[in-house]
Amino acid sequence: MDASADTASNTEVVTRFAPSPTGFLHIGGARTALFNWLLARRAGGRFLVRIEDTDRARSTQPAIDAILDGMRWLGLDWDGEPVFQFQRAARHAEVAQAMLDSGHAYKCFATAEELEAMRADQRARKQPLRYDGRWRDRDPAEAPAGAPFVVRLRAETTGATTIHDQVQGDVTVQNAELDDMVLLRSDGTPTYMLAVVVDDHDMGVTHVVRGDDHLNNAFRQLGIVRAMGWAEPVYAHIPLIHGPDGAKLSKRHGALGVEAYRDELGILPEALDNYLLRLGWGHGDTDIIDRTAATALFDLADVGRSPSRTDAKKLENLNGHYIREADDARLTDLVAPRVAALIDRPLTPDDHALLLRAMPELKPRARDLNDLADGALFLYRTRPLPLDDKAAGLLQGDAPVLLATIAGELAGVETWDVAGVEAALRVVAERAGLGLGKVAQPLRAALTGRTTSPGIFDVVALLGRDETLARIGDRTATAA
RNA sequence: GGCCCCAUCGUCUAGCGGUCUAGGACGUCGCCCUUUCACGGCGAAAACACGGGUUCGAUUCCCGUUGGGGUCACCA
């Protein structure tokens, strides 16, 4: 059967992201969504979202919200409203009935205990575990009246099926390997296998791009597609993402929700997007690829076939890059709440303005938003400043004397800006016969409580005359 | 265990028979810039899993071995 039969007259590319709302949006799902988004946007097609909530016990509204919020944060906008799979149960049952009517499906009255016994036996004999087709050719009339049953696909038992996967290449499986899967459960609700196929068809999905863990499912799903005589979608199974240890990404290590990258790790969405894009996909030697470039460059042919591991350092590096590129006002808005949390009070409009002014000096030094907030902390500390050990060390000996000299010179500065401050401090260093570093370090310690900070002239200029002199005063007074 | 997939520096990858003494990036280590830390610049160490073929010639093609991963539900 030709996959393009039904879509020959309609070349629009339609992709979809179909998460099951049983948890947050982890980075594996985010990358799958990104690739689907890119493929659709590149082709000028549509990108749809379907919430696979047929598992009523495990699906939750918070999970739905988290997934959709995560997608919005990453800039993965979808077309139309999300489709909720559970609401389409009647349509799924309808298709199952059609297959029953056409003989492509049949009723199976085997009980759960019976099937478990069957598998135990297969395990004992070291046989593959699969349904043995015991009701495939039996007359339903043989079942006890009113007995519960499931509807199973009457799968091909001979020959082989080949999928021309856009990422994995041609993959062939013997049909004998596939058993008659359940389409409708005994309570009449559809299984995932049935629902996916029906929904993808009804939604007009042309390209199914999903995790490699679904490759085996594709063969079974194709059985339903063919039984219904529908167009076969183009498949692309992308390799899974592994944790730093090479094992499958699980809740234990790398599998954080994207909101954790945003809230706890202080990652910028464009950085995570770029990182995820380069995980499993490459375009020559280029590593820094923003959304616009990615949309123009993305091609399934460039997706690798082997799983990749997450690398926090690489993400941090990319994040640092995008922080340096980011607009100061945007960064200020993003960092302000973090600073407020650190100093345990809200920022005033003046505080906010100061943060904005300091941003050009702050952002080259940060790899994430937490770094940025921490780097801005010295601006808002209340006197007397707490000193870290190294800073305290720099304020020993005759440092207070030097600081007093600095204060004297600074007091005479007419225009309190970087140039004015620099001139004054250079005068101090020259008169004392010291290198600028010998002057800058004690001053930095006194003004920030630390040994690292933005350039000392900037620090002084940002702090302002009064605060600068007061902080210096705290150190000359206590030492004297 | 059956079936399926994968295999280049620690990691992400470029390479689609000769251009490979295998390129880039992150990380690591030096040096430079410099008032500190970053940023930036320069440089170094670091990989074709193994064994057979095919070929005049294999990192590139084929087979096997080994290793890793995925999947085998009335879960998605």
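Order of the sequence lines fixes the chain letters, A, B, ..., with proteins taken first and strands second; residue numbering starts at 1 for each chain.
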> Determine, step by step, whether A/N370 and A/R338 satisfy the side-chain hydrogen bond (donor to acceptor under 3.5 Å, both in side chains) criterion, reporting the C-alpha distance in whole Å, the side-chain angles of both residues, the deciding distance to 0.1 Å, and the verdict.
CA-CA 7 Å; A/N370 294 324; A/R338 292 171 195 269; 2.8 Å; yes
> When you check the phosphate oxygens OP1 and OP2 of B/A76, does a side-chain N or O of A/T54 lie under 4.0 Å from one of them?
yes
> So what does A/S308 touch, heavy atoms closer than 4.0 Å: a base, only the sugar-phosphate, or nothing?
sugar-phosphate
> I'd like to know if the side chain of A/D65 pairs up with that of A/Q61 as donor and acceptor (distance under 3.5 Å, no hydrogens or angles considered).
yes
> Rounded to the nearest angstrom, tell me the gap between atom CZ in A/R367 and atom C1' in B/C26.
13 Å
> Between A/L394 (CG) and B/C37 (P), how many Å, whole number?
12 Å
> By nearest atom, which of the nucleotides B/C37, B/A38, B/A7 is closest to the A/S306 side chain?
B/A7
> Between A/L279 and A/K314, which has a closest nucleotide on RNA chain B that is more 5'?
A/L279
> Can you tell me the pairing partner of B/A22 across any strand shown, Watson-Crick or G-U wobble, with both distances under 3.5 angstrom?
none
> Checking base pairs now: Watson-Crick or wobble, both atom distances under 3.5 Å. What partners B/C31?
B/G41
> Determine the Euclidean distance between corresponding P atoms of B/G52 and B/U60; express it in Å to zero decimal places.
14 Å
> For RNA chain B, which residues in residues 315-324 of chain A have a heavy atom at a distance below 4.0 Å?
A/N317, A/R324
> Between the protein and nucleotides 32-35 of chain B, list every N/O to N/O distance that falls short of 3.5 Å.
unit_1 : atom_1 : unit_2 : atom_2 : d
B/U35  : O4'    : A/G437 : N      : 3.3
B/U35  : O2     : A/R444 : NH2    : 2.3
B/U35  : N3     : A/I456 : N      : 3.4

> Going by heavy atoms closer than 4.0 Å, what residues in residues 155-171 of chain A are next to RNA chain B?
A/Q168, A/V171
> Going by the rule ring-ring contact (aromatic ring centres under 6.0 Å, His included), which residues pair with A/F298 if we only count those two or more places apart in sequence or in a different chain?
A/F35, A/W281
> Just compare B/G27, B/C4, B/G24 and give me whichever is closest to any side-chain atom of A/K313.
B/G27
> A/D200 pairs by side-chain contact (heavy atoms from CB on, under 4.5 Å) with which of A/V208, A/L48, A/V225?
A/V208
> Any chance you could lay out the side-chain hydrogen bond (donor to acceptor under 3.5 Å, both in side chains) test for A/D212 and A/H237, step after step, and finish with the verdict?
CA-CA 5 Å; A/D212 201 13; A/H237 291 90; 5.8 Å; no
> Considering every strand and a 4.0 Å limit on heavy-atom distances, what is the contact class for A/M193: base, sugar-phosphate, or nothing?
base
> What is the distance, rounded to the nearest whole Å, between atom CG of A/L362 and atom P of B/C39?
15 Å
> Consider the side chain of A/P364, meaning its heavy atoms from C-beta on, and name the nucleotide among B/A38, B/G69, B/C26 that approaches it most closely.
B/A38
> Taking the P atom in each of B/A38 and B/C61, what is the distance between them to the nearest angstrom?
43 Å
> Testing the 3.5 Å rule here: is there a donor-acceptor pair between the side chains of A/D199 and A/H92?
yes
> Not counting sequence neighbours, which residues clear side-chain contact (heavy atoms from CB on, under 4.5 Å) with A/E94? List them please.
A/R91
> Can you tell me how far the CG atom of A/L129 sits from the CD atom of A/Q127, to the nearest 0.5 Å?
9.5 Å
> NA contact type, A/T286, heavy-atom cut-off 4.0 Å: base, sugar-phosphate, or nothing?
nothing
> Quantified in whole Å, what is the C1' atom distance between nucleotide B/A49 and nucleotide B/C31?
36 Å
> Under a 3.5 Å threshold, yes or no: a donor from one side chain and an acceptor from the other, between A/R444 and A/S453?
yes
> Verify the distance criterion only: is there a donor paired with an acceptor across the side chains of A/Y106 and A/D180 at less than 3.5 Å?
yes
> Please measure how far the P atom in B/G51 lies from the corresponding atom in B/U66, and state the result in whole Å.
15 Å
> If I take atom CD in residue A/E177 and atom P in nucleotide B/G1, what distance separates them, rounded to the nearest angstrom?
15 Å
> Report the distance from atom CZ of A/F378 to atom C1' of B/U36, rounded to the nearest whole Å.
12 Å
> Contact class for A/S20 vs. all strands (heavy atom < 4.0 Å): base, sugar-phosphate, or nothing?
sugar-phosphate
> Are there any protein N/O atoms within less than 3.5 Å of an N/O atom in nucleotides 71-74 of chain B, and if so, which ones and at what distance?
unit_1 : atom_1 : unit_2 : atom_2 : d
B/U71  : O4'    : A/N216 : ND2    : 3.2
B/C72  : O2'    : A/L129 : O      : 3.0
B/C74  : OP1    : A/R119 : NH2    : 3.1
B/C74  : O2     : A/S186 : N      : 3.0
B/C74  : O2     : A/S186 : OG     : 3.0
B/C74  : N3     : A/S186 : OG     : 3.0

> Using whole Å, report how far CD of A/Q174 lies from C1' of B/C3.
10 Å
> Starting at CG of A/L215 and ending at P of B/C4, how long is that distance when rounded to a whole Å?
11 Å
> Using a distance-only criterion (donor-acceptor N/O pair, under 3.5 Å, no hydrogens), is the base of B/C37 paired with the side chain of A/R365?
yes
> Evaluate the side chain to side chain contact (heavy atoms under 4.5 Å, CB included) criterion for residues A/E325 and A/E270: first the C-alpha distance (whole Å), next the side-chain angles of each, then the deciding distance (0.1 Å), finally the verdict.
CA-CA 11 Å; A/E325 299 245 301; A/E270 58 268 44; over 6 Å; no
> Quote, to the nearest angstrom, the C1' distance that separates B/A7 from B/U13.
14 Å
> With a 4.0 Å cut-off, would you call A/K363 and A/D328 a salt bridge?
yes
> For nucleotides B/U11 and B/A47, find the distance between their P atoms and express it as a whole number of Å.
12 Å
> May I ask you to say whether A/D474 pairs ionically with A/R471, meaning some side-chain N is under 4.0 Å from a carboxylate O?
no
> Please give the distance between the P atoms of B/U59 and B/A25 as a whole number of Å.
25 Å
> Would you please test A/L385 and A/R475 for side chain to side chain contact (heavy atoms under 4.5 Å, CB included) and show each step?
CA-CA 10 Å; A/L385 266 56; A/R475 299 311 160 194; 3.9 Å; yes
> Is it true that A/K390 and A/D388 have a side-chain N and a carboxylate O under 4.0 angstrom from each other?
no
> Rounding to an integer number of angstrom, what distance separates B/C9 and B/A46 when you compare their C1' atoms?
5 Å
> Now, which nucleotide makes the Watson-Crick or G-U wobble pair with B/C50, with each of the two distances under 3.5 Å?
B/G64
> Mapping A/P190 and A/D287 to their closest nucleotides on RNA chain B, which lands nearer the 5' end?
A/D287
> Would you kindly say whether A/T161 and A/N175 are connected by a side-chain donor-acceptor distance under 3.5 Å?
yes
> Report the distance from atom CD1 of A/I289 to atom P of B/C26, rounded to the nearest whole Å.
14 Å
> If you draw the axis of the six-membered ring of A/F17, does the NZ or CZ of A/R50 fall within 45° of it and under 6.0 Å from the ring centre?
no
